[in-house]
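Note that ligands are numbered from 1 as they come in the structure, with each ligand's atoms numbered from 1 the same way. All values derive from a computational prediction rather than experimental measurement.
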Amino acid sequence: MENLPADDVLHRFLLEHAGVRGVLVKLGPTWREVAARADYPPAVRALLGETLAASALLTGNIKLDGALSIELKSSGALRLLFAECTDQGRLRGLARWNEPLPESLALHELPDAGMAITIGNVERGQRYQGLVELQHAGVAEALENYFVQSEQLPARILLAADGEHAVGLMLQKLPDEGGHHAAQDEDAWNRIVHLTATLGVQELLTAAPEQLLYRLYHEESVRLFEPRALAFGCSCSRERVSGMLRSLGRDEVEAALAARDDQIEVICEFCAQRYHFDRIDAELLLNHNVVTAAPDTTQ
Ligand SMILES: [Zn+2]
């Protein structure tokens with residue numbers, strides 16, 4: 001276990017005696033790559049880091065085919081938060097905002113705010129979307145509430161991000177199985193919640209994952225599963241950018257060509273990949289009404 005990476009990793013674990021399962025995500029280089037894409041104000045950056053960690057966290061206990069994304073939109077200063085984690089452990093994310101930012105970016109105070117979790121496979125059109133109620137200030141509380149409501153089981157979620165790391169810890173009480181007393185299970189859950197509450201933000205951000213789990217739960221017989229590697233990765237492709245240009249329509253594409261010497265340059269906001277289209281490319285894509293699924297070689 002000594003050569004395990006401490007960063008960019010997802011750990012699943014089971015607290016066997018307590019009947020609790022958990023996921024711990026620690027992002028380092030992946031988070032710094034996402035954070036470096038824009039000159040994010042600290043408050044926006046913190047929310048983006050938490051959302052990115054959460055997108056990986058939520059893949060921990062589901063059978064994922066495709067990607068899981070968390071998206072928050074509002075008509076206020078924080079216009080968009082987006083984070084995505086694929087079934088291959090590839091993460092990307094971005095935020096859009098307007099200056100000046102208000103003092104508080106509490107989610108439940110954002111005007112016309114909505115948050116959605118989307119799970120599925122874009123290519124095959126199989127998608128599930130759940131709406132997250134925004135009754136709380138933070139991303140963690142909003143997601144915790146979502147889990148409690150959708151799965152009818154207690155859940156605890158902690159998220160934190162600074163300039164170096166983005167970290168998430170999720171605990172879920174397992175459904176009662178025969179042979180357990182409900183009251184005993186309740187005691188065990190409360191004990192785990194209390195142990196978890198001793199965790200400070202700094203420790204969450206800096207401690208190595210195994211050390212963190214040992215420090216918190218060493219009396220609870222922690223069973224660690226094989227960790228999963230996470231990495232920055234973008235699913236953009238020339239095919240998808242072509243589709244986007246096609247959806248803008250001829251007038252917009254013509255205007256873009258005219259504005260820049262018959263060249264269109266599209267830069268992916270997630271990964272900074274540049275895509276170039278000249279007039280011939282543009283004609284081809286505009287006359288190409290049937291979207292063919294070209295193999296995507298970017299992943
Ligand atoms: Zn990209």
Is it true that T118 and Q129 share a donor-acceptor pair across their side chains at a distance under 3.5 Å? yes

Could you check whether any side-chain heavy atom of K26 comes within less than 4.5 Å of a side-chain heavy atom of H165, counting everything from C-beta outward? yes

Could you check whether any side-chain heavy atom of W189 comes within less than 4.5 Å of a side-chain heavy atom of L171, counting everything from C-beta outward? yes

Is the positively charged end of R238 above the ring of F277, judged by distance under 6.0 angstrom from the centroid and angle within 45° of the axis? yes

Looking at W97 and Y40, would you say the former's side chain and the latter's main chain have a donor-acceptor pair under 3.5 Å? no

Taking salt bridge (charged side-chain N to carboxylate O under 4.0 Å, His left out) as the definition, give me every residue that meets it alongside R156, ordered by chain and number, with sequence neighbours left out. E144

Atoms (protein N, O or S; no water) under 2.8 Å from the Zn ion (ligand 1): 4

